Each structure stands twice: as C-alpha cells, then as structure tokens.
Amino acid sequence: MTDPNRTDRRELVIVGASLAGLRAAQALRAERFTGTITVVGDEPRPPYDRPPLSKQLLTADARPTVPELPVPDGLDVRWQLGCAAVALAPDTRTLTLADGTTLTYDGLLIATGSTARRWPAPLPPHVLTLRGWDDTLVLRDALATARRLLVVGAGFLGGEVAAAARTRGLDVTLVEASAQPLQRALGTDAGAYVAALHRESGIDLRTSTTVEEFRTHDDGQLAGALLSDGSYHPADAAVLALGSLPATDWLTGSGLDAEGGVRCDPYLRALRPDGTPFTDVTVAGDAARAPHPLADHEPIVLGHWTNAVEQAATAARTLLHPDPPRPSPTVPSFWSDLHGAAIRSVGLPSRADAAEVIELDVIARKLEVVYHRRGRLVGALTAGRPGRLATHHRHLQQIVDAATRQAAAEAVQGN
Amino acid sequence: MQITVDLNLCESHGQCVFAAPEIFAFDDDDRLTYDAAPSDALREAADKAAAVCPVRAITVLAGS
C-alpha cells in the first residue's frame, strides 16, 4: 500500500519508555513503519503501568511486583533504558543522553511524562514522594513499619495513598491547603464528597491547612510536622503529594517552547516560541501542552492515562504523515478509586463556571455532578454510575467534534 | 470477530463504551453488556476499545 503523503523517515527515536512511549512505538508499527525505532527511558526497566502504584500496590496483601505493560511480540524496538535524555538539538536532529551518548534521528517523539512537584526546602528521611516504581517500594516499606503517616496534599494521589494507609490500619493525617480536597479541579460539592469519604474512613483531614515545618528527632529521623493551624502531628513517615509537573526541563535551550510542557499544535507537532511547528518532532502524554476544543483551543497539559494512549497514536501518525496531519479531538477522562468509590471524570470539570449535583450519596458510593461553562456542558463526574458517565461522554464528544470542525473551517478561511 | 471481556478485571471505566458504543454499553443496572460477535466492519473500533481499557480486560479475536 503506498501513501503519497508518507515521509521517507527511517530512524525514529522516542524519548520516554512509559505508557505513551510504548503505545507510540506500537502505533508506528501498526502504521506499517518498517524503519528503526529507538526508545530512550531514564528508568532501568521495561515499560510499566503507573496507576496501580498509588492504589492496590500499596496495600498489605499486594505482591510487590512491577505492573509491566505488555510489549507485543515483533515490536522490534531498540530499548535504550536506564539513561535519561538531557539535551536536544533539533537543527542537527541530535539527542544527547546522560552518559554522553548522542543519537541522531529523522523523526523524534517526546513522551517524557511528568515528575512530582518538589518541596522548597531540604527534607528529613522518611518524607517521601511517589512517582515511579522505586518510590513505591520505599513507600511500601515505610507503610509496613510506620504507625502514623502524614500526607501532604489531598489530590487524587495523596488521597489514594492516605486511603491505602488506612487499609493497613495506620493513623493518617491528610493536610490540604484548599478548603476542600480537589476543590480547584472538581468544585466544592465534589470536594465535600471526597472529604466525607476520607473522614468516614477515619482519616484526620485538615483542610485550609499547610505544613509549616517538618521536625526531626535527635538522630535526624522524622518526628512530625507543625501545621499552619498551630497543631503538631507526630509522624513516622510523610508523603508529599503536591501535584505533578511536565518533565520537560531537559528541553531548556533546545528551541522548543517547553516551559510547563512542550507546547504543540492540534497535530501534536512541537512548536517554537514564535508558534511555528517542527515537522519532525511530536509530543504525547503528560509532557504535551496541546490545544483542546473544550478549553477554547488553549494549550493544556492533560496528565491522564487515557490521554497518553490517545496522544501516542496521534503523535506517531503525525510523524509518519506530516502532510496533511490529522487532529485528535477526544474527550479527556480520568479516574480514581477512593475508599470503595469508583470516581470517574469526563471532560474538563476544572474549566467549569457552574457545577450541578444530580446525585450525591456517600454511603452508597454514588455521585453524579455535571459541569457547565458559559451555559455549555464542559465535564461530568460520577461514582458508581458508569451509564450516566457514558451519556455525558457522548454529549461531550459531540461538542468536541463540532468545535473541531468549526476551528478547521476558520483555519481555512484564515488562509 | 469475537470479543471477550474478563469481568473479574473490569472496573467500569467506560472507555470501551466511549470508543466503541456499537459494541459496548452499560445496561440500566450499570452492568457492562457487549456484542460478543460483532461485524468485522467494527474491527478498528474494537481494537481501540481494547487499547484504551486501563485494566486490559478486553480481548479481540478474528473469526466467528
């Protein structure tokens, strides 16, 4: 099968060996790309799935085995693992790795994901973060021996860690700077629902509260934390769950607009600061800052599992078929499991100016909240109501499709 | 084409319903239902549904 628009690229490099990187490699082969694919990863292990790291893998009865992602037979990829990419020179199509190795490419796909936001001061031992497999092992050990855990940040990651610690019988204090957990992402009502789940489980949730300082014993071990409400909480271990940031620092000085995620066009081609695209560099997953119809076509970072899967396919296709490229209009979605509530979201609830509670039942673990922006549906959140979620998704997909068609028509008129 | 779903793995993420509503749906009791032998014309949608399932509960096989 010949494709007149297909490029003659032979050497493709994918930076990032997690979900988006693996799925991009699979997409390239599904598009019948027969050239060389090199996948660069900073961790010394094959691709694995991250959502279980903060959920079932933290519970006492879980076997601590890496949740590897299946790599299909015949994928024919050169894995370059355990060595991060540290610099990119797009003019000479050269990638530099941490050990000084350089790789040249005909096409590059950036899928370096995200990192945990850091604490702005030195930390005592047993104040942990959770992002990768090594972090999970350290945290499992801490949960196995600690009696009192302090979790800083009641977003989904912090909430899941706190919930897992409760199932192990630890005393858990969960500190959140906002008035409700997830308030900015999901609004006050959904935040209150999540707060009720935490408190019902016995977690000591402290909202509108921050950590003033961590204190240590004479031997340097963590003793506890002083909170902004004046209270002191002894703790044997603490977890910082302050959110994530796109892992794009390594692109500083490369000529890509990579501040806060690599800005890209609807086809996921990386952009220069002046807005012109690199035709040989695409981006997928948590590292990408791409325009979305539900965000008025502003570039946004979607740090979600399904987004990594969908953008990987688009970014791979754009690399092989740059002219004409194909946009990727999908509805964002994410999930969390908290205390037996299967929380599922579609669209962009954080963009809403109004939230309507259709159903809210903490005991039965049911929830349905619908989000609007300027009178138009922009998102929905459910627990235990997947049928309602599917209905909202269908309506959102129609809105996204219409907005995508309109943007395409305006682009044609603009030319 | 044959489709199987491991309902022991399924966590009702709904991604298959989003990707291939011709094959997958939730019934009035929020249980997942699906056409186990859909037309081969739906192969692309079925493959997409399997690819976006976060718990990899869906298997798509050729044949009838």
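Quantities reported herein were computed from a predicted structural model and do not represent experimental measurements. Residue numbers start from 1 in every chain, and the chains themselves are labelled A, B, ... in the order their sequence lines are given, proteins ahead of strands.
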Colleague: Checking Cys16(B) against chain A: side chain, backbone, both or neither under 4.5 Å from a heavy atom?
Modeller: neither
Colleague: If you measure from NZ on Lys55(A) to CG on Leu157(A), what distance do you get to the nearest 0.5 Å?
Modeller: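 Atom-to-atom, Lys55(A):NZ and Leu157(A):CG are 8.5 Å apart.
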Colleague: Checking heavy atoms, do the side chain of Arg31(B), its backbone, both or neither come under 4.5 Å from chain A?
Modeller: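 Neither part.
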Colleague: Out of the candidates Leu12(A), Leu22(A), Ile14(A), only one should pair with Val39(A) under the side chain to side chain contact (heavy atoms under 4.5 Å, CB included) rule; please name it.
Modeller: Ile14(A)
Colleague: Heavy-atom distances under 4.5 Å only: say whether Val346(A) touches chain B with side chain, backbone, both or neither.
Modeller: side chain
Colleague: Quick check against the 3.5 Å criterion: does Thr282(A) have a side-chain atom that pairs as donor or acceptor with the backbone of Thr318(A)?
Modeller: no
Colleague: Anything under 30° is parallel, anything over 60° is perpendicular, the rest tilted; go ahead and classify His304(A) against Phe334(A).
Modeller: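 Answer is tilted, since the angle falls between 30° and 60°.
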Colleague: Mind ranking Arg388(A), Gln26(A), Arg385(A), Gln397(A) by heavy-atom pairs under 4.5 Å with chain B and telling me who comes out on top?
Modeller: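 The answer is Arg385(A).
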Colleague: Quick check on Arg394(A) against chain B: is it the side chain, the backbone, both or neither that has a heavy atom closer than 4.5 Å?
Modeller: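 Neither part, no heavy atoms under 4.5 Å.
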Colleague: Please confirm whether the backbone N or O of Ala295(A) pairs with a side-chain atom of Arg351(A), one donor and one acceptor, at under 3.5 Å?
Modeller: yes
Colleague: Where on Val17(B) is there a heavy atom nearer than 4.5 Å to chain A: the side chain, the backbone, both, or neither?
Modeller: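 The answer is the side chain of Val17(B).
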